[in-house]
Each structure stands twice: as structure tokens, then as C-alpha cells.
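In this chain, residues are counted from 1 in sequence order. As the structure is a prediction and not an experimental result, all values here were calculated from the model.
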Amino acid sequence: WPGGVVEAVVLLGKADAEVQKAGGDLGAAAAYEDLEAMWGAADGLAALLEKMQGQVDRIRDHPETAAAAKAYDAALPDMLAGATGIRTAIDAKDATALAAAVQQLGTGTAAYAEARREIGPLVEQAILMQRVLLK
């Protein structure tokens, strides 16, 4: 694989752990009805998702990683729209918009499961390739 593809796959693998943490933080904040913490978790998640999109763009045209890019493309837009929608709804004090944003984030997160399934084995391969490139 080209070096940029290897690097992007490794970064996407690392980002997955951050997505899981952000989801947990957002869920905990929602459970405690802590709007400030929800806003912060959604803001962090949105920033992470934007960075991930840049990495997805790097793997899109490589045959070995194109399916993973397609899976991310099915998930990230709804996840990002949901996360940014949560911030906007909290700022506007709009409970209806907040519920819709949470639902959209949930839709994207459900689709994200396929991206995780696709990227997992690729991360292992990329880490091995990265070691070879460093030697």
C-alpha cells in the first residue's frame, strides 16, 4: 500500500477508540441531563469526525481500502450532522431539535458499526506495513 494509505488506516484505527470514548461521554452526559457536558462531548466528537473524514479521503481510491471508505461514507455524515446538531440545539434551547440530532447521531453510529468491521483487519495490516516501512 502507499505510505499515505498506511498512515491514514492507522490513524482511523486510533480514532475509533476516541469515537468510542466520545460516545460514552455523550451517553453519560445525557443520562445525567448535563447539557454543558453534552455540548462539550458533541463538540469534541464533531472535531474528531471532521479529522476522520480527511483520513477517509486518503483511503478512498486504494482498492484494498475502498470498501472501508464506503462504509465510513455511510456513517460519518449522519454522525457529524448529529453531533453538530446537538451543539446547535443546546445553544438554541430547542428540545425537539436536540431529540432529532440525537436520533441522527444514532443513525450514523449504527452505520458506523460496518466501518469498524471493515477497518479493523486493515489496521492490523497497516501496522505491520508501518513497521516494515520504518525499517
Side-chain angles (χ1 to χ4, degrees):
W1 301 355
V5 171
V6 171
E7 179 183 39
V9 168
V10 170
L11 290 172
L12 286 167
K14 289 179 181 177
D16 181 57
E18 294 178 49
V19 168
Q20 298 302 314
K21 182 184 179 315
D25 291 347
L26 191 55
Y32 288 107
E33 299 179 5
D34 183 341
L35 293 179
E36 185 177 329
M38 280 181 71
W39 193 101
D43 186 56
L45 180 58
L48 174 61
L49 294 169
E50 288 171 349
K51 289 178 187 174
M52 289 174 71
Q53 186 59 59
Q55 300 308 320
V56 171
D57 291 341
R58 294 173 70 190
I59 68 170
R60 184 174 319 288
D61 296 327
H62 187 67
E64 297 289 328
T65 57
K70 184 176 179 180
Y72 279 110
D73 288 342
L76 294 183
D78 278 335
M79 292 175 75
L80 181 57
T84 57
I86 289 170
R87 291 185 316 204
T88 301
I90 291 171
D91 287 342
K93 297 179 178 29
D94 185 339
T96 302
L98 179 59
V102 168
Q103 182 176 2
Q104 187 169 22
L105 177 60
T107 298
T109 301
Y112 182 72
E114 178 63 19
R116 292 185 80 217
R117 191 183 69 72
E118 289 284 342
I119 202 70
L122 296 174
V123 171
E124 292 175 23
Q125 292 177 33
I127 289 171
L128 290 173
M129 289 179 198
Q130 202 173 41
R131 288 181 185 150
V132 170
L133 288 173
L134 293 175
K135 288 182 181 182

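- No continuous path of ILVMFWY side-chain contacts below 4.5 Å connects L11 to L49, so the two sit in separate hydrophobic clusters.
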Atom pairs and distances, donor-acceptor, side-chain atoms in residues 69-76, under 3.5 Å, two or more places apart:
unit_1 : atom_1 : unit_2 : atom_2 : d
D73    : OD1    : R60    : NH1    : 3.2
D73    : OD1    : R60    : NH2    : 3.3
D73    : OD2    : R60    : NH1    : 2.4

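- W1 contributes atom CH2, which lies 6.0 Å from atom NE2 of H62 (distance to the nearest 0.5 angstrom).
- Annotation for Q125: atom CD counts as buried by contact number, over 12 foreign heavy atoms lying within 6.0 Å.
- Residue Q104 holds its CD atom at 10.5 Å from OG1 of T109, rounded to the nearest 0.5 Å.
- The minimum heavy-atom distance linking A22 with A41 is given by the pair O-CB, 4.4 Å.
- Residues V10 and V5 share a hydrophobic cluster, clusters being chains of Ile/Leu/Val/Met/Phe/Trp/Tyr side chains in contact below 4.5 Å.
- A salt bridge does not link D91 with R87: none of the charged nitrogens is closer than 4.0 Å to a carboxylate oxygen.
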Given salt bridge (charged side-chain N to carboxylate O under 4.0 Å, His left out), test K21 with E18 step by step and report yes or no.
CA-CA 5 Å; K21 182 184 179 315; E18 294 178 49; over 6 Å; no
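- Exactly one residue among Q55, R58, E7 makes a side-chain contact (heavy atoms from CB on, under 4.5 Å) with L12. That residue is Q55.
- We find the CE-CD distance between M38 and E33 to be 9.5 Å, quoted to the nearest 0.5 Å.
- Considering only heavy atoms from C-beta on, M52 comes within 4.5 Å of V19 through its side chain.
- Pairing each heavy atom of V9 with each of A126, the nearest pair is CG1-CB, 3.6 Å.
- A68 and L122 make their closest contact through CB-CD1, 3.8 Å (heavy atoms, listed as atom of the first residue, atom of the second, distance).
- The OG1 atom of T107 lies 6.0 Å from the CG atom of D78; values are rounded to the nearest 0.5 Å.
- Nearest heavy-atom pair across V123 and G13 is CG2-CA, 3.6 Å.
- Note that CD1 of I59 is 11.5 Å distant from CD of E64, once rounded to the nearest 0.5 Å.
- Pairing each heavy atom of M79 with each of G108, the nearest pair is CG-C, 3.4 Å.
- A donor atom on one side chain and an acceptor atom on the other are found under 3.5 Å apart for D16 and Y112.
- A 4.5 Å side-chain heavy-atom check between D57 and Q53 finds at least one atom pair inside the cut-off.
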side-chain contact (heavy atoms from CB on, under 4.5 Å) between L45 and I86, intermediate numbers included
CA-CA 11 Å; L45 180 58; I86 289 170; over 6 Å; no
